[in-house]
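The residues of the chain are indexed from 1 along the displayed sequence.
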Amino acid sequence: MRVESSYITLRNLRFHACHGALPQERITGGDFVLTVRVKCDIARSAETDDVADTINYAELFGLVSEEMSRPSALLEHVAGRIGRRIFSQFAQAEQVEVSITKQNPPMGADCDGATVEFIFNK
């Protein structure tokens, strides 16, 4: 059996964080939903059953959580920091997809949120 591609995905992580262009958003914060998908060669772990042969998703979550706790004016900036950190911490990362949704953004719209999505390549 040959593995075509492999990914580690953390889906719909929920955070309360202080991101936003408005001063009040940086004080009171808001609710965010984040998904991160990392393309990486982890096929060996399917044979070895060894966490050293994959990306530890608990470590990945810790990295994302740290970046979400650092206030930024723009979600684009947060996503960029997350992408850079993943590439620097996990050598096997080939591509990183980050989607961040600000729930109930202050724009007077009845919607599920405002989202930024990036696909970063090494």
Criterion side-chain contact (heavy atoms from CB on, under 4.5 Å) on Arg84 and Phe120, from CA distance to verdict: CA-CA 9 Å; Arg84 283 188 294 279; Phe120 302 105; over 6 Å; no
Stepwise side-chain contact (heavy atoms from CB on, under 4.5 Å) test for Asn104 and Asp31: CA-CA 8 Å; Asn104 197 25; Asp31 295 323; over 6 Å; no
Criterion side-chain contact (heavy atoms from CB on, under 4.5 Å) on Val78 and Leu34, from CA distance to verdict: CA-CA 11 Å; Val78 179; Leu34 185 143; 5.5 Å; no
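Side chain of Arg81 to backbone of Arg70: a donor-acceptor contact under 3.5 angstrom is found. Remark: the backbone N or O of Arg85 is not paired with any side-chain donor or acceptor of Gln89 at under 3.5 angstrom. Judged by distance alone, with hydrogens and angles left aside, the side-chain atoms of Gln92 form a donor-acceptor pair with the main-chain N or O of Thr54 at under 3.5 Å. Between the side chain of Asn12 and the main chain of Arg14, no donor-acceptor pair closer than 3.5 Å is present. In this structure, His16 contributes its side chain and Thr28 its backbone to a donor-acceptor pair below 3.5 Å.
Taking the six-membered ring where tryptophan is involved, the planes of Phe61 and Phe15 are essentially parallel, since the angle between them stays under 30° and well short of 60°.
With respect to Glu47 and Arg44, no salt bridge is recorded, no charged nitrogen being found less than 4.0 Å from a carboxylate O.
Contact of the Ile86 side chain with the Leu63 side chain is registered, since non-hydrogen atoms from C-beta on lie closer than 4.5 Å.
Taking both residues in full, the closest heavy atoms of Met68 and His19 are given as O-NE2, 3.0 Å, listed atom of the first, atom of the second, then distance. Summarising the geometry of Phe90 relative to Lys122, their closest heavy-atom pair is O-NZ, 4.4 Å, with the distance given to 0.1 Å. Pro105 and Gly113 get closest at one heavy-atom pair: CD-CA, 3.9 Å. The shortest non-hydrogen separation linking Cys40 to Ile8 is SG-CG1, 4.0 Å. Nearest heavy atoms, His77 versus Ser72: ND1-OG, 3.1 Å. Nearest heavy atom pair, residue Ser6 against residue Ala43, reads OG-N, 4.2 Å.
Atom OH of Tyr57 has 12 or fewer heavy atoms from other residues, nucleotides or ligands within 6.0 Å. For Asp50, the CG atom counts as densely surrounded, since its 6.0 Å shell holds more than 12 non-hydrogen atoms of other residues, nucleotides or ligands. Other residues, nucleotides and ligands place no more than 12 heavy atoms under 6.0 Å from the CG atom of Asp49.
Between Leu10 and the options Val38, Thr35, Leu60, a side-chain contact (heavy atoms from CB on, under 4.5 Å) holds for only Leu60.
Phe87 contributes atom CZ, which lies 6.5 Å from atom CG of Asn121 (distance to the nearest 0.5 angstrom). Taking OG from Ser99 and CZ from Arg11, the interatomic distance works out to 10.5 Å, rounded to the nearest 0.5 Å. Between the CG atom of Asn56 and the OG atom of Ser45 there is a distance of 11.5 Å, given to the nearest 0.5 Å. Separating the CG atom in Asp112 from the NZ atom in Lys102 is a distance of 15.5 Å, to the nearest 0.5 Å.
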